[in-house]
Amino acid sequence: MKWLVLLTVLLIQCGYEFPTGYETIDNDKVRPVVMIFNNHQLAEGSPLDTIDLRAYFGGEKINSIRWSILSRSRFDAEYNDTIPIEQIMLTESYKEYFGTGTDSASMLIMVPDSLIRHELGGLQNVGALIPSFMKSYFSADFLKKSSDDVLDMLDYLSNQPSSGLLVADSLVRTLSGDAKIDIKEFMPRILQIFSVPLNIYVVVNEKFKAKSAVTIRYNNRLRYLGSYIPVNRNPQIQYIRLYRINGDRATFDPRVDPYVDYYDLTGFDSIAFNKKYSYFLEVTRKAGLVDTSISLQGLRDEEHFTCEWLLQDINNQGTDSDFLRIVRNLSAVSVVKIKIPSNPVGRVFTVWSIVYDYSLGERLRPVGFATRCASAIIVNQP
Amino acid sequence: MCRVVLVLVISCLVVKSSEVINCQPQLQQEPVLIKFVKAQLPLSVTRLGITGTVTMNLLLDERGYVDSVELINGLHPALDSQVVKAAFQFKFTPAIIAGVPVSVMIVYQYKVTADDICYTVTDTVNFTGMVFERGTKRPVSDVEILVNYQDSLSDTTLPVPFGLYLKKIGEFSGQQYLNGVLSTWTDSFGHFSFKSLPEGPLVLRIIGAGYEPFSSDQIFISKQNRKMVFRINKSSYDENEIVVYGREKNQEISKRSLSSKQINSVAGLNGDAMKVVQIFPGVSRPLFGGGSIGIRGAPSWDSRFFLDGIPVPQLYHFGGLKSVYNSEALHSIDMFPGGFGVSYGNSIAGVIALNSRNAEREKFTSYVDINLMDISAFAEGPVNSRTGILTSVRRSYMGDLLGLAVKKIDAIEIPVMVAPYYYDYLVRADIDLSPYQKLFFTLFGSKDALELVVPSVNAGSTEVDAMIDRVSNTDAFNMVMAGHDAIVENRWENSFRTALIQGLGNGLLLGVLKWEYKYYELMIRDELSYSISDQLKITGGFELWMKKFRQNTIFPTAERIFFRDTIDMTSGIASPHLQLEYRPIPSLTVKSGFRYDYYPEIKKKASLLPEFWNYQFFDNRIGFRAEPSIRLSAKFQINKKHALTAALGTYNQTPQPLGYATHDTLGNSDFPVTKARQVMMGYNWKINEIISADLQVYHNQQWDLPVFTGLDQLLSLNSLSPVFKNGGKGKMYGLELFIQHDQGRNISGWISYSLSKSKRYSTKDKRYIPYDNDQTHNLQCVVNYRFKKHWQAGSRLRFVSGNPYTPVVDRVSDLTNRFFIPVYGEKNSLRNNPFCQIDLRVEKKFVFDKWILTGYLDLINALWLVYKSPEITVYNYDYTKKTTLSVPVIPSLGLKADF
């Protein structure tokens, strides 16, 4: 562990970077940008939910996309034990989009009713699913229950929302063998333990591989029990805004620093270039609910947001100094600088902003994503 | 004192001298001088330096009194008159003829000697001095002090001529005169004295073995006692004089040793004892110049590290920056790369033994060392004639400086709240209870700490810690140790050690990982030897080590589940051992030993019989809770120059990494003891007095190794699966050559070469594959050269095969976690380019009267400008490109002042 700390400090202090930047999209490679799972704005699904999956790609032109699904959590490079996509994709829902800025594909998938049971059912002792350091949170009687007993309860409650909180409370007490148990502590933990990922694999142009996962759990169906059952929504992007700042500035904060003007990038825009300015991009989320999560320890925590930027210089490739690129600080932030080359007029670029939430501490917490893409050409300032 | 020669001549009339004349009448009794009176020679006479014989006729009356004196042959009138005057006071026995006393005339020769004229010269001390070693203030004994005068007329008060005077005082005790030079010697306190030196300027020279000749012509001697102090230069200040008390404890057959003198002369290692160990053949090259010591291809945790027989909690500051134990306080380092005896256990690879040295008993010494990293102070000296004390303290300041610099660099954006720092301290007291009983106490401790704040990083969870923008780490320990060595009647020897260690630490990594730990260790070790005869010696001992360790860890895994755990374990070892040492003939030594190791943390039954391999044909795991091992070794001294050695033994250790392999969640609490068999054969050749060679071939087979299955196991879906599983196998074999050139007139150094293979069995591939530490070739050459005027230069060359690594053959973009996942190919199937390094060191000593200033410059990895030796292979963000990282040139500049 000491080495881990030292290595981290070393890498931070030395400004260690990989040979090519993650923020730069090469023209000769497909770069999977993001997969967004949208279940009526939720980033998760319950059995029998229909989820809208949309995948975005940048970089090289796409010729072929091959999908597969794996319900196991561990990545298997050989794609064994996959589920044919057709089995869960709604008929004729699959579409591919090819535009100037980005390519994407979408489909509707319906979560199989038996997915969680298929993964976690059949165990004699539910304790086998619970990490040893968490077992003290559960009664000995409960640990001896079979996983099917628990799934039966969850299935029943999720399919009988009208049964209400009292029924749920009674079932939990019966199942746990603990008359004093607090359902508000018990249920979030159980829901985490009985969560499974649904992994989506994609191979683009027969060589570029990507995967993403949506968490399948009962939370969506049990929201009626109260707000202590957390769900996670996808964030939404309001705009990508380009600021022009006087002088050569390394950092910029739109809230406090003066700027010359700004453009909201909407599709394909023209950017007037003048070398006396610095150019910054800002992404802004739409105001909305900030979700919470509840860890296995029962702590409630608000989610955080990360903004990630990707940029493709259509005219150039490589990492030479004449390359348009994103300049960011140590972590992904909502404001980044675009490094403009010495002679940029006529250069076309595409920029992606990906916003996603995270909250550590909750097992298999779904990740909510939003993305916005914009392209622009740099022109001389009149 | 004067000598008088009497020659008796009987008058031709009365008597005869028996020697000269024989005439009538017959003399019945010759006169015999019964009262002699010395002539009182005046200064005016003695200054002339006249010596010789004054011949007189003495007329004696019948009573024997001198009646008259007739001068026959004189030397000088003034002298003659004094002699005649003295002669009148002589008294003889009467001469007798026919029974009657008679008057006779005799011839008397009065000899005037140097003593007669030097009678006024007395031995009065008038010049004393002390001779010290320049710089160290150490008194110099047994050096010769020579004085001579160039002006013989400088002292006009001398009672005798100058030459005669020097000759005379040269006869005084403690000084001598030869060829115009007076000389004396210093005693054991460096003290000397001259007696009755003439007044005036003299030339003084000091000559002694191991010291530069000293000369001074600015010394004026007077009648008053002149006291002076002289400081002379040693021929070389690079040899550390180490006083070793007692016998050498361990005479292991496979042992290799480095003295503190050798430790301090290796380029690129700053005299850091533990790093110098890395130059031994068989020690793997650690990455990035770190401190990991892997012996014969095994990981570091397969070897054990002792300080005076006690396991050391921590070897280095910050994992390899600098040894925690001050190298100046070490006497030597022993390395047992394999095939070691039963004195050591809980290791399946090798043993490194640090032997601390006794505190100085004769005088106080101290030094201050300032270099780019830290400042240290060292002092030692006697408390009384039987007790000495040694202290050392060191504190780094590099981090403080770095912190100040970083605070002013906005671009880095890392405010440093607590700059990285380390310190260590050492106090050792040695007490001689008797010539055969020694006692020592050691208080020793260390701390490493850092804390950084990275405000722009907020990836962590407040559930781990509220400080999600912090990176911090603290490790500290304190230990107190006592030792007692006794020899009884030259047959019994006992060595006792005990220590209590307390350690603690904590760390935080940006709110995603947090840990804190605390432990206590108790160690008791005793070894008793009895020499039954010159041929047979029996040694028995036991080792008791208990460690109470508690660690709390919390971190969220990639799937956002917290790993929150407490390791609360008691581990240790309780081991009796017995060894027989037999010498059937003087040239052959055979040792056989037996050892039982009990590990309280192991639940599995131990072997019934010592395992030389993993016995499959019967169930051997039906023994008690203690694991047996048996070890044999032999040395055959063919002649004074050539010797053959061999060793065979079984070894075991608790599953490593300690605390994790047997962890309920991460490992398997039912792990068996890890076992090994080692075979070694060697050949020693003492080429001449200063050059020797040591060749060893070995084979080390290991089984029941914990196998690290990878983090993907840890991050599996539903529960934390063990990341260590049982059943691992490994084997290492190779050849090692060690050629040592001890300090000659100017040059010293050594060549160390290892040809080795280190492999682990891959259950996936069903074959042995290279292990991470597999370095086929490892060549190291060290040379050190002394120039005149206390200049010294050294160099170290390292050539090591590149480390194996696992190539990435494919990649998958993980769009949930926002990184690329590598798909690895065959494990360790590729190898980095060879590693080549050249270190240079230049050192200059400035010797002042009472202290020495040493300036040194180390250039680590000077070859980097030409060849960038790869340390590790790294990939870019999507694993499509790879490159290697290397360590650049690292200069190290330092000053050391010895007082």
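Just so you know, these numbers use all the heavy atoms, side chains as well, and skip hydrogens, waters and symmetry mates.
When heavy atoms are compared at a cutoff of 4.5 Å, A/F369 approaches chain B solely by way of its side chain, counted from C-beta outward. When heavy atoms are compared at a cutoff of 4.5 Å, B/F288 does not approach chain A at all.
Ranking A/S293, A/P366, A/A55, A/P32 against chain B, the residue ahead of the rest is A/P32, based on heavy-atom pairs under 4.5 Å.
For the side-chain contact (heavy atoms from CB on, under 4.5 Å) criterion with B/R818, the lone passing option out of A/V367, A/I354, A/T306 is A/I354.
Nearest heavy-atom pair, B/Y877 versus A/T24, reported as atom, atom and distance to 0.1 Å: OH-O, 3.8 Å.
A/M35 contributes atom CE, which lies 8.5 Å from atom OG of B/S813 (distance to the nearest 0.5 angstrom). Of the inter-residue distances, the one linking A/Y56 atom OH with B/L815 atom CG reads 12.5 Å to the nearest 0.5 angstrom.
Contact of the B/T816 side chain with the A/K211 side chain is not registered, since no non-hydrogen atoms from C-beta on lie closer than 4.5 Å. Using a 4.5 Å heavy-atom cutoff, the side chains of A/R31 and B/D878 are not in contact.
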